[in-house]
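Computed from a predicted structure; not experimentally measured. So that the names make sense, note that chain A is the first sequence line, chain B the second, and so on, each numbered from 1. Any value given below was found using the heavy atoms of this structure, including those in side chains, with hydrogens, waters and symmetry copies removed.
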Amino acid sequence: MSLAAIDFTRVAAPKGRLMRGYFSASAFICASIVGLIILTLIGQTGPVLSGHFSSLWGTVWNPNTDQYGIIPMLYGSIIVMLVAMAIALPLGVLTAIYIAETRSAKMRGIMKSALEVLAGIPSIVYGLIGVAYISVWVAKGLDLQTGRLILTAGLILAVMILPTILTLTEDAISNVPEIYRENARALGLYRHEVIKDVVLPHAKRDILAAALLALGRALGETMAVMLVIGSLDRLPSPIFNLLSSGQTITSKLGREIGESAFGSAHFSALVLMGLILVLITLALTAAAQWLIHRAPREANHV
Amino acid sequence: MFSRATNEHIFAAATRIALFISVSILAFLLGAIILRGIQAISLDFLFTPSRSFGSSGGIAYQILGSLLIVLTAGIIAAPIALGASVYRSEYMKSQRARRVFDLMLYGLNGVPSIIFGLFGLILFVNIFGTGLSWFVGAIILATMMLPTATLATVNAMRGIDKSYRENAFALGLTREQTALRIIIPQSLHGLVTGVLIGLARAIGETAPIMFIATAFSGATVPASLHEPVATLPTHILALAQQAADPAALKNAWGASFTLIALVALFSLAAFFARARLTAYSRR
Amino acid sequence: MSTAQHLQLVTDTAVQETSVSMDDFGVWFGDSCIISGVTAKLPARGVSVLVGPSGAGKSTLLRAINRISDDTAGLAIKGSLSFQTEDIYAGCCDVTELRARIGMVFQKPCVFPRSIAQNVLFGLRGVKLTQAQKRDIVESALRSAALWDDVHARLGERADTLSLGQQQRLCIARALALKPDMLLMDEPTASVDPVSARTIEALMRDLGKTIPVLTVTHNLAQAKRVADYVMFLCDGQLVEAGAKDHMFSKSALEKTQTYLCEEFCDC
Ligand SMILES: Nc1ncnc2c1ncn2[C@@H]1O[C@H](COP(=O)(O)OP(=O)(O)OP(=O)(O)O)[C@@H](O)[C@H]1O
Ligand SMILES: [Mg+2]
């Protein structure tokens, strides 16, 4: 057979164009979903924004009287998140310091795999644990009627975000080059001084990013919170009373979306809360990414 | 203030106490789930349908429904993730475009799961009028899996040596042919791993599907795309709300254990896929 | 190694007091023996240079003297090592205090991302100092590290804006601010330019007049310039130690001659 018999023309262009179309369409889908979600939500906020705007910034939520005050839910989301962070952040950072600084590879390995398992536990299971154990313990321990409180929700959230904080902080601390510790130690610094003055300042940006990620998770967590917070649409009194029932944006959505009629002011008020939540978490994500990707430190002294 | 040496002791004690608390929490969680789960679980439990709103009987249809919904989601997500990562790593030239693309994915990854439920409820169930449908649930879970799957594939593509591309171009292959013959085969392990990790996460999700794809009781094998199914997470939710009833609580633990076993199965599969396929695509 | 050789060092220095004395000293990492059977005494003043091929264990030996490797997994110490009559591997030794007393400079300069002045004062802990005292300490430390003239106008600037050679001198100043009883240097000139290297060499000579300086180098010309005493380490064993003149020209050992004399003639 001679070479002349072979057709050397290149594979037809249309097939290439088809592939290209597929690649770019997929990329477009990936990149546009966030926008689509936001637009879809915005599209449903009309009824409450036009009809009941003034009641939104009140503290009363009562669809029967057309009052849609979202302040109790906003407050609930924030206070629960603060409780969770106040517990999980110091606990996670101190534990991460212990694990990273003892430099025992074996312990690190065990901890890391345990944390990976924990991070894989679905949030509904945390909710079950909250219902079956934590709320019962809180009620018994504090001698209360019910254990479904802001405090309980904060506790279960703290447990949920602990693995995130712990893993990321541990990575951040382990990534601080050993040479910094060595130099500090050679100057006669105690271990805690090395950590406080050298390691943590060096890792602080990554730790902050970890905290922001955890914060986003805490704000967006639905199932576990919904099961243990008690679903009370009022501001606690006094305002910092953690031993009162409450409501977060997510638990509110989880409880009431199914009960509200599509297109009603009630539904639209719920969507508005969802929209606020998305915007907050997007801002947190953007901030965390910015922290992680900011121009690397001057390489010159490493 | 204390002396330096005292501070050192205080600090050491604080980290030890923190470690002790963290480890206790870990141990308690794992212990509770495993112990309560094992007491509740049996072959019978896994293979019989639930009765009287789940407080007796098993979880056969819930397992089936969960698997159906997430596997379908995986099948929807995989090609999109693949195409998008090819576009991201082979067509996007500017660093800026890539950063924006990544940021969109990270943003999507950070969107709270309940919002996906709300999104699906508005767009599909109401505007498109699909009604409760397991297939809509699968689409929504697929969108949730996209960031994980895409980023894993992009990472694998980033690992491909530049010389492959240069050689392919030098041989006169077009960009599409290069993608098809070189880039995709060499990054499949990333896609498979990413999708499996996505599945492990998706199967535990409750909030995105509870308004749009599931029925709390009575759902069996769906006959069409427009029917709801029962799933494990929504089943656990229903049972957790009747936690005062010991029988319901027991079944909730059993269902949780099964769910976590499925999560672990997908995670392990991801782990092995990474090991095996990485070796394969390096050949 | 015979007793005669290490006695030589002792007689050569016509022993005033000794700074560091090692007796059958050895270091193990897990199952591998890095250093064994080192017996030597370092004089209380002057520059001692530790030479030897790569992997001989020079850094390991140096780092054993201020116990900086303590946290390394699998580290085991044999024999004894005393600093100013105190056995530093005995239970009662305060490691943190020991490290503050023995300054150390590493191969790569590593300044902390703070101001120059803060870097100098970094190791001063647990003492209350007035602003004026701090200023004095910073000035005298920077002067003894030959850095004052370069930086006195910009003490508040971040230290990582300095050149590498300046950073290395800042590391020396940082160690000197603690008024150490000894200075250890692990290839301090390896990552700086020749001019800075000369400055640092002059610095070593200066410091050697008041405190013992132990430095590691691969540059035999440099060793010849700065050394009062030379220790030759090979495969974790101390081959020979003695005054510079003896080591570079009169050594009876073939190994020493090959490494120090012939190699040196080559370059
Ligand atoms: N942490 C450690 N664990 C195990 N072995 C080690 C460790 N640190 C060093 N070693 C080994 O000890 C030996 C001596 O290392 P050392 O760094 O002391 O050599 P050196 O003489 O300073 O060499 P160089 O001149 O290249 O700096 C080497 O074989 C090295 O592999
Ligand atoms: Mg060395």
>> Looking at chain A, which one of B:N126, B:D102, B:I203 has the largest number of heavy-atom pairs inside 4.5 Å, strictly under?
In response: B:N126

> Would a distance-only check, ignoring hydrogens and angles, find a side-chain to backbone donor-acceptor pair under 3.5 Å from A:Y22 to B:P79?
Replying inline: yes

> A:M107 versus chain B, heavy atoms under 4.5 Å apart: side chain, backbone, both or neither?
Replying inline: side chain

> For A:I29, is it the side chain, the backbone, both or neither that has a heavy atom under 4.5 Å from a heavy atom of chain B?
Replying inline: side chain

> Would you say A:M19 and B:V86 make side-chain contact, with heavy atoms under 4.5 Å?
Replying inline: no

>> With a 4.5 angstrom heavy-atom cut-off, is it the side chain or the backbone of A:F28 that approaches chain B, or both, or neither?
In response: neither

>> Please report the interatomic distance OG1(B:T143) to CD1(A:I37), rounded to the nearest 0.5 Å.
In response: 6.0 Å

> Do A:H192 and B:T15 have side-chain heavy atoms sitting under 4.5 Å apart?
Replying inline: no

>> At a 4.5 Å cut-off on heavy atoms, which part of A:T222 comes close to chain B: side chain, backbone, both, or neither?
In response: side chain

>> For B:F116, which atoms come within 4.5 Å of any heavy atom of chain A: side chain, backbone, both, or neither?
In response: side chain

>> Is B:A200 close to chain A through its backbone or its side chain, or both, or neither, when contacts mean heavy atoms under 4.5 Å?
In response: neither

> At what distance, to the nearest 0.5 angstrom, does CG of B:L26 lie from CG of A:L162?
Replying inline: 7.0 Å

>> Taking side chain as everything from C-beta outward and backbone as N, CA, C, O, which of these in A:I195 sits under 4.5 Å from a heavy atom of chain B? Side chain, backbone, both or neither.
In response: side chain

> Picking from A:A288, A:A286, A:A96, A:C30, which has the most non-hydrogen pairs under 4.5 angstrom with chain B?
Replying inline: A:C30

> Side chain, backbone, both or neither: which part of A:L91 has a non-hydrogen atom closer than 4.5 Å to chain B?
Replying inline: both

>> Is A:I97 close to chain B through its backbone or its side chain, or both, or neither, when contacts mean heavy atoms under 4.5 Å?
In response: side chain

> Can you tell which of B:I236, B:T206, B:I114 makes a side chain to side chain contact (heavy atoms under 4.5 Å, CB included) with A:M223?
Replying inline: B:T206

> Would you find more than 12 non-hydrogen atoms of other residues, nucleotides or ligands less than 6.0 Å from B:R201 atom CZ?
Replying inline: no

>> Let me confirm one number: the OG-CD1 distance from B:S256 to A:I124, rounded to the nearest 0.5 Å.
In response: 7.5 Å

> chain A heavy atoms under 4.5 Å from B:L180: which part of the residue, side chain, backbone, both or neither?
Replying inline: side chain

> About how many Å separate OG of B:S22 and OH of A:Y98, when rounded to the nearest 0.5 Å?
Replying inline: 12.0 Å

> Can you tell if the side chain of A:I129 reaches within under 4.5 Å of the side chain of B:I33, non-hydrogen atoms only?
Replying inline: yes

> What pair of heavy atoms forms the shortest contact from B:A18 to A:T95, and how long is it?
Replying inline: O-OG1, 3.3 Å

> Heavy-atom distance under 4.5 Å to chain A: side chain of B:T150, backbone, both or neither?
Replying inline: side chain

>> Tell me the closest heavy-atom pair linking A:V159 and B:L29, and the distance in Å.
In response: CG1-CD1, 3.5 Å

> Would a 4.5 Å heavy-atom cut-off, applied to side chains only, mark A:E116 and B:F271 as touching?
Replying inline: no

> Are the side chains of B:L82 and A:S26 in touch, meaning some heavy atoms are under 4.5 Å apart?
Replying inline: no

>> For B:I115 versus A:G274, what's the shortest heavy-atom pair and its separation?
In response: CD1-O, 3.5 Å

>> Donor-acceptor pair, distance only, cut-off 3.5 Å: does the side chain of B:E8 make one with the backbone of A:R191?
In response: yes

>> Give me the atom names and distance for the closest heavy-atom approach of A:G120 to B:V263.
In response: O-CG1, 3.5 Å

>> Measuring centre to centre across the rings, with the benzene-like ring taken for any Trp, is B:F11 within less than 6.0 Å of A:Y190?
In response: no

> Given that the side chain runs from C-beta out, which part of A:V117 has a heavy atom under 4.5 Å from chain B: side chain, backbone, both or neither?
Replying inline: side chain

> Given the options B:V111, B:I260, B:L146, B:L118, which has more heavy-atom pairs under 4.5 Å with chain A than any of the others?
Replying inline: B:L118

>> Please determine whether side chain to side chain contact (heavy atoms under 4.5 Å, CB included) holds for the pair A:M226 and B:Q241, giving the CA-CA distance in whole Å, both sets of side-chain angles, and the decisive distance to 0.1 Å.
In response: CA-CA 10 Å; A:M226 182 177 124; B:Q241 287 172 328; 4.1 Å; yes

>> For B:F28, I'd like to know if atom CZ has over 12 heavy atoms of other residues, nucleotides or ligands within 6.0 Å.
In response: yes

> Just how far is it from atom CG of A:L41 to atom CD1 of B:I122, taken to the nearest 0.5 Å?
Replying inline: 5.0 Å

>> With a 4.5 angstrom heavy-atom cut-off, is it the side chain or the backbone of B:L108 that approaches chain A, or both, or neither?
In response: both

> Between B:L105 and chain A, which part of the residue has a heavy atom less than 4.5 Å away: side chain, backbone, both or neither?
Replying inline: side chain

>> Tell me which of these, A:V34, A:I33, A:V93, A:I257, has more heavy-atom pairs under 4.5 Å with chain B than the rest.
In response: A:I257

> chain B heavy atoms under 4.5 Å from A:L284: which part of the residue, side chain, backbone, both or neither?
Replying inline: neither

> So with a 6.0 Å cut-off around CE of B:M157, is the heavy-atom count from everything else above 12?
Replying inline: yes

> Do the non-hydrogen side-chain atoms of A:F262 and B:L121 ever get within less than 4.5 Å of each other?
Replying inline: no

> Got B:Y106 and A:L213 here, is their nearest side-chain heavy-atom distance under 4.5 Å?
Replying inline: no

> What are the two closest non-hydrogen atoms of A:G254 and B:F211, and how far apart are they?
Replying inline: O-CE2, 3.8 Å

> Does the side chain to side chain contact (heavy atoms under 4.5 Å, CB included) test come out yes or no for B:L249 and A:L128, once each step is laid out?
Replying inline: CA-CA 9 Å; B:L249 193 60; A:L128 184 61; 3.9 Å; yes

>> Is A:T281 in contact with chain B via its backbone, its side chain, both, or neither, using a 4.5 Å heavy-atom distance?
In response: side chain

> Quick one: of B:R88, B:E205, B:R16, who has the most non-hydrogen atom pairs under 4.5 Å with chain A?
Replying inline: B:R16

>> If I take atom CD from residue B:E176 and atom CZ from residue A:F23, how far apart are they, to the nearest 0.5 angstrom?
In response: 7.0 Å

> Can you name the closest pair of heavy atoms from A:A27 and B:F101 and give their distance?
Replying inline: O-CE1, 3.7 Å

>> Working note: A:L227 + B:L237, criterion side chain to side chain contact (heavy atoms under 4.5 Å, CB included); need CA distance, chi angles, decisive distance, verdict.
In response: CA-CA 8 Å; A:L227 284 170; B:L237 172 62; 3.9 Å; yes

> Given a strict heavy-atom distance threshold of 4.5 Å, which part of B:A179 is in contact with chain A: side chain, backbone, both, or neither?
Replying inline: side chain

> Checking side chain to side chain contact (heavy atoms under 4.5 Å, CB included) for the pair A:L118/B:L30: CA distance, chi angles, key distance, verdict?
Replying inline: CA-CA 8 Å; A:L118 279 195; B:L30 293 179; 4.0 Å; yes

